[in-house]
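Inspection log for the structure reproduced underneath, given as structure tokens.
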Amino acid sequence: MKQSSQSALPAPLIFSGGEPVRSPREWREKRRGEIRELFRTHIYGHSPAAGTYLQTFKVLSETPRALGGTATRRQIAMTFEGPGGARTIGLLMFVPERVTRPAPVFLLLDNRMESGLYRDRDAGSGFWPAEEIVKRGYAAAALSLPDVSPDRDGALQEGTQGIFPASLRTDDSWGAIATWAWAGSRALDYLETDPDVDAARAAVVGHSRGGKTALWCGAEDERFALVVSNNSGSTGAALARTTRGEKIADINQSFPYWFCENYKRYSGRENDLPVDQHELLALMAPRLVYVSSATDDAWADPDSEFAACVAAEPVFALLGRSGVGASEIPPPETPLHSGSIGYHLRTGRHDLTPYDWKCFMDFADRHYPLAAMSTLAG
Ligand code: GTR
């Protein structure tokens, strides 16, 4: 494995054969695929290719004047069929009512089932502040991850993976995180068909295990314009080699079903991994990526999350984008929003809060081309 000169991290701009990546084209056409394949084989697993299953979408309900009259609530059933059977997943969304153009969308990969609070009524949730999102002219969509695949060991076949026979699984097959991420892409398939949504301005957001999922979703699916990882930590934004929080051995021990079987080989052997997490962030380039940390979240290790942002910068630079724009972690409540890698550190514990959402939307407002933004009427 090639190491970069300043650190022990694998170098994203050196091919596995040792040659440097010399142009944006070499990155796009060869190196990006090489790195993504390493992540698939050693960490997250391979997800099924399009064409190996059928999918259908059905709008189940449409409720105007929701969220205090500001939004239409829409519930969609996404059904998938494969050789092992069929599974249906619900997608919940609110689209702003008073818009003159399709709205850009924030899709939350909801690991806490908080979005369910809004299924039939206007509830309030700091974790998914749908009212605030809509107020700012964005559509708010959410997928409940346990509905996609239960968050417990031994249950992959109960979830969406059950559309394929278990006998097809290999050591580099998708784990729960990749299954959740795959469902995020299927939600985007639906959103592309929704006339109220500007799917070219779609952000995927997740917290913690959902943040790891959002990153993998954005790495696999280049249609997402913005990828947001909140407090994602180990096997999310935090560098495996430097983290002082959760290690690969810890995560494989507690959550043996999240990643592919091959990942277990790296428990206690971080330095043998052919990639590190800055390269996952680099897979988003030249799109927008956002990492957020919290001061009391030592298990996710803010320093290693920030260091991954810095180490991803050379790839963004090669593609003509600026990165996070600082080499030291900023003080709390001082978001870094100038480049294509956004970052903030929030005071407080491991959580997804209205402050975090405000930062994500500020970042999107700043970087999405103005012409593409929906405009609130009246
Ligand atoms: C922890 C786990 C972390 C993180 C967190 C969460 O128990 O060790 O990797 O994913 O759960 O999802 O809240």
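Order of appearance sets the numbers: ligands from 1, and atoms from 1 within every ligand. In what follows, residues are counted from 1 in the order of the sequence shown. Every value quoted in this text rests on a predicted model; they were computed, and no experiment measured them. Just so it is clear, the values below take in all heavy atoms, side chains as well, and ignore hydrogens, waters and symmetry mates.
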For atom 3 (C) of ligand 1, what's the nearest protein heavy-atom neighbour? Residue, atom name and distance, please.
E246 OE1, 3.2 Å

Among protein heavy atoms, which lies nearest atom 13 (O) of ligand 1, and at what distance?
S208 OG, 2.8 Å

Could you tell me whether H337 and Y343 have their ring centroids closer than 6.0 angstrom?
no

Would you please indicate if the ring centroids of H42 and F259 are separated by under 6.0 Å?
no

Between N252 and S267, is there a side-chain donor-acceptor contact under 3.5 Å, judged purely by atom types and distance?
yes

With backbone taken as N, CA, C and O and side chain as the heavy atoms from C-beta onward, which portion of H207 lies under 4.0 Å from ligand 1: side chain, backbone, both, or neither?
neither

Ligand-residue contact atoms, ligand 1 with F255, heavy atoms, under 4.0 Å
2 (C), 7 (O), 8 (O)

With the threshold set at under 4.0 angstrom, would you say K212 reaches ligand 1 through any of its heavy atoms?
yes

Would you mind running through ligand 1 and noting each atom that sits below 4.0 Å from a heavy atom of W299?
2 (C), 8 (O)

Evaluate whether atom CD of Q253 has more than 12 neighbouring non-hydrogen atoms of other residues, nucleotides or ligands under 6.0 angstrom away.
no

Provide, to 0.1 Å, the distance between atom 12 (O) of ligand 1 and the closest protein heavy atom, together with that atom's residue and name.
R209 NE, 2.5 Å

Examine W258 against ligand 1 and note whether any of their N/O atoms are separated by less than 3.5 Å.
no

Could you check whether W174 and Y44 have their ring centres less than 6.0 Å apart?
no

Quick check, are the ring centers of W182 and F80 under 6.0 angstrom apart?
yes

